[in-house]
J.: 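Shown below is the structure under consideration.
Along the sequence shown, residues carry numbers from 1. Whatever order the structure lists them in is the order used to number ligands and atoms, beginning at 1.
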Amino acid sequence: MSEAVSRRTAIRLLGAAGAVLGATGCVPQVPPRAGARTAARASAAGATARPGAGARVDALLERLTLEEKTALLHGAVDPSPLGQAGYVPGVPRLGIPPLRLADGPAGVRVARPATALPAPVMLASAFDPALARAYGRVIGREGRALGQDVLLSPMANLIRTPYAGRNFETYSEDPRLTADLVAEVVRGIQDEGLIATVKHFALNNQEKGRDTIDAVATEQTLHETELRGFEAAVAAGAGSVMGAYNKVNGTYACENKPLLNELLRGRWGFDGWVMSDWQATHSTVAAVTAGLDMEMPAGTHFGEPLREAVRAGSVPEHAVDLAVRRVLSTMDRFGLLEASPAPRPSRDPAAGAEVARRVAVAGAVLLRNEKGALPLTGAAARSLAVIGPTGQVPFVSGGGSAHVVPDRDRAVSPLAAIRTRAGKGAEVRQALGEDLYGRPLPAGLLTPAAALDDQVVDAGKEHHYEGAFTLREADEWTLLVHYSGKRPDVRLDGEEVFPVQQGVAEYFAGGLLGAAPDGLTVRRRTLALAPGTHRLTVGAHGGDRGARFRLRHTTRASRAADVAEAVRVAAAAHSVVLFAYEDATEGADRTGLGLPGGQARLIEAVAAANPRTTVVLNTSSSTAMPWLARTAAVLQMYYPGQEGARATADVLFGDADPGGRLTQTFPADERATPVGADPVRYPGVGGRQEYGEGVHVGHRWYDAERVAPLFPFGHGLSYTTWQYEKLTVRPRGTGLRVEFTVRNTGRRAGTDVAQVYLGPSPDLTLDQPVRALAGYRRIDLAPGRSQRVAVDLDARTLSSWDPGPHAWVVGTGRREVWVGRSSRELPLRAAAVVRAAGR
Ligand code: BGC
């Protein structure tokens with residue numbers, strides 16, 4: 001169909017068309033929404049205006065001095081910190097309370113324990129918006145209980161490349177799924193009266209160069225991919241948006257007028273406030289003018305420089321007033337300006353644990369299961385070997401600002417959970433296979449002899465050691481230091497082993513590798529040591545509060561011994577469960593998709609000794625699996641939170657059907673991904689990267705390019721078998737109704753995720769996905785039962801973003817629809833004609 005016709009059918013789903021990104025510069029008046037007190041149990045999005053809300057804010061604005069106003073627009077040091085990421089002092093004289101802002105996406109990150117939920121990517125794998133709401137509510141309640149007002153979550157950025165260090169903190173490569181789930185998490189958080197912050201707006205899809213990279217994407221690409229989650233969060237009523245570190249189309253996200261004032265406010269009608277990511281503000285005048293309201297975590301640009309700019313006339317005071325109004329109106333909407341605010345609830349750790357376990361089971365993705373290796377029953381359940389360091393140290397959450405410390409003793413190890421579930425009659429052996437935290441240095445090795453394990457250095461005291469050790473032959477040593485307080489200065493032959501350049505990694509530490517089971521920070525470095533005598537010096541300072549440290553190591557021989565022991569233990573058991581890990585964190589991208597360290601070799605060796613080996617993956621994103629064919633089963637458990645070990649046992653023993661499906665494609669070849677081997681797409685060249693894949697993000701790219709993945713988007717096995725039949729597709733209102741029957745043809749109750757994909761419109765000249773995810777339904781069925789499922793595709797689902805009119809246009813004409821169990825297992829296919837509205 002011609003462009004003229006497609007324009008005629010343009011639907012203005014979100015207001016008037018405009019300039020860049022499709023918006024005019026005008027900021028519409030959006031009615032304020034009701035506060036948390038009244039909205040606490042209702043959807044914030046649907047709440048109505050609080051009487052007198054505007055007047056209260058007007059009255060405050062009249063009384064605030066310029067100094068007080070700007071103090072509301074940037075972070076400061078918390079006089080009574082609770083361990084949260086940010087603090088904005090209030091104005092006590094006028095009854096404006098301070099704001100405390102805490103991370104994060106998988107639970108509340110403060111100095112006290114909180115429920116450590118499974119990583120968002122695992123929540124997403126359940127394809128269950130209602131579960132996302134429950135997940136948000138756990139965090140919302142805990143955030144309030146732990147003294148917080150704002151939660152720095154959810155992260156709506158898409159999974160664009162498997163290398164990105166924060167893929168576990170986000171949801172999916174698919175825009176539709178991300179949008180649905182992010183919206184429900186926002187609702188859940190805000191149901192409990194905590195202000196949600198959708199982050200990082202926008203195109204913060206990688207860690208490499210994140211502070212400066214210029215992410216370049218077309219208007220159509222932006223609207224149809226990355227922006228969908230943000231738009232949905234705003235429509236769900238998110239109180240706050242966090243601007244990203246990077247640039248978007250040439251301008252830093254935190255001073256990007258097309259993004260902030262034009263799109264977010266002008267087109268989407270966002271009426272909350274925009275804060276910067278931490279140290280992501282780059283200017284005063286440009287940032288305020290573009291629509292940034294709050295600089296975090298300090299006032300480098302929005303403190304004195306902003307007051308100066310107002311006095312000098314380069315920022316009109318009404319621009320400051322507007323930013324303050326957005327902050328105060330949102331606070332008022334959540335009841336924070338009430339003379340006697342709603343009392344904070346107490347934590348409910350039991351309810352949190354219940355949701356954490358439910359999500360970890362629902363998001364468990366069974367990638368492979370040969371000859372019914374799982375569930376473990378009969379002999380397989382009575383004689384087991386649990387192998388791998390993460391079999392013994394539970395991998396709870398990823399590193400960086402999403403790391404959450406659960407209640408003491410809450411997170412049991414998989415070994416303990418498996419022993420409990422296997423019961424008394426079973427024999428459960430165990431082996432590490434890899435030593436993550438090292439062995440003490442043998443005292444006899446050092447001259448003079450010294451025990452450098454578990455040293456306590458009192459406050460104000462120093463510990464110094466200088467000695468030598470001799471190696472008869474060349475060896476590869478991994479040296480590890482575990483410490484609290486200031487990192488000890490460890491030198492080998494005069495060279496610092498753990499240099500200060502690791503400062504960035506240190507700030508973001510906290511994942512599996514970054515902390516020992518007892519909480520001490522861990523640094524490790526592998527060195528090729530020549531034969532001969534080496535000089536070791538260790539200097540530790542107790543600082544003001546005292547410190548602890550231990551120096552540890554592994555050698556080539558100790559590593560080989562660990563593998564040999566694992567092989568021996570594996571061979572003696574009927575079946576093996578091998579836990580493998582990959583430790584991702586904010587601040588760094590992955591350098592490859594393989595499992596780190598010697599894990600691939602360990603899996604090969606163990607599976608060779610015992611073919612009934614199940615690999616459980618505690619990994620952040622897709623993984624290369626050169627060892628796949630040797631295994632009996634592979635269970636993807638991501639970072640499963642504090643209840644992860646129990647949930648893993650639930651699935652391994654078949655107490656629950658693995659309910660998760662992949663929300664990202666696992667590539668067969670690292671070079672054949674949407675960002676592929678093209679450095680312009682990833683990580684960028686000369687500080688700039690292009691989103692050259694356009695609308696073909698994730699699985700859409702694999703379909704467009706006909707590339708076979710290792711595991712496709714939507715894949716995940718069940719313990720029962722499923723049949724799909726009787727597909728019909730009919731016009732319904734301005735959209736389509738898709739109906740089909742799902743039948744559990746096996747002998748066990750099970751869970752499946754039915755997926756509906758939509759083909760392109762023949763009438764649009766715009767680039768369109770070969771197949772886009774258009775809907776899905778999570779279904780639980782008893783054996784032998786069937787269910788008729790109806791999925792409605794609304795006008796937006798049938799639309800593409802047209803950069804001509806800057807609007808969504810319905811893709812009319814014959815549209816094909818596929819239904820099945822993954823993007824590559826689509827047994828049903830039908831088509832229907834979509835007509836333009838009013839015809
Ligand atoms: C992260 C944000 C986080 C903030 C506060 C930043 O480094 O990018 O996601 O909310 O720190 O901890």
J.: Just by distance, no angles: are the side chains of Q206 and Q689 close enough, under 3.5 Å, to form a donor-acceptor pair?
T.: yes
J.: List every atom of ligand 1 that sits less than 4.0 Å from any heavy atom of A85, numbering the atoms from 1 in the order shown and giving each element.
T.: 5 (C), 12 (O)
J.: Apply side chain to side chain contact (heavy atoms under 4.5 Å, CB included) to D78 and list each qualifying residue two or more places apart in sequence or on a separate chain.
T.: S80, P81, Q84, Y87, R100
J.: Determine whether any heavy atom of Q279 lies closer than 4.0 Å to an atom of ligand 1.
T.: no
J.: Just heavy atoms, cut-off under 4.0 Å: does M296 contact ligand 1 by side chain, backbone, both, or neither?
T.: neither
J.: Number the atoms of ligand 1 from 1 as they appear, then name those within less than 4.0 Å of a heavy atom of M242, with their elements.
T.: 10 (O)
J.: Answer with yes or no whether R166 contacts ligand 1, where contact means a heavy atom under 4.0 Å from a ligand atom.
T.: yes
J.: What are the two closest heavy atoms between A124 and L177, and how far apart are they?
T.: O-CD2, 4.2 Å
J.: Between R109 and ligand 1, find which residue part has any heavy-atom pair under 4.0 Å and reply side chain, backbone, both or neither.
T.: neither
J.: Below the 3.5 angstrom mark, is there an N/O of K199, backbone or side chain, next to an N/O of ligand 1?
T.: yes
J.: Do T619 and Q636 get their side chains close enough for a donor-acceptor pair, meaning under 3.5 Å?
T.: yes
J.: Counting only heavy atoms closer than 4.0 Å, does ligand 1 sit against the backbone of H200, its side chain, both, or neither?
T.: side chain
J.: Centroid separation under 6.0 Å, is that true for the rings of Y639 and F395?
T.: yes
J.: Just jot down the ligand 1 atoms closer than 4.0 angstrom to any heavy atom of L152, in number order.
T.: 10 (O)
J.: Tell me every residue that passes side chain to side chain contact (heavy atoms under 4.5 Å, CB included) with A71, counting only those two or more places apart in sequence or in another chain.
T.: none
J.: Can you tell which part of R210 has a heavy atom less than 4.0 Å from ligand 1: side chain, backbone, both or neither?
T.: side chain
J.: Any donor-acceptor pair under 3.5 Å linking the side-chain atoms of N205 with those of Y682?
T.: no
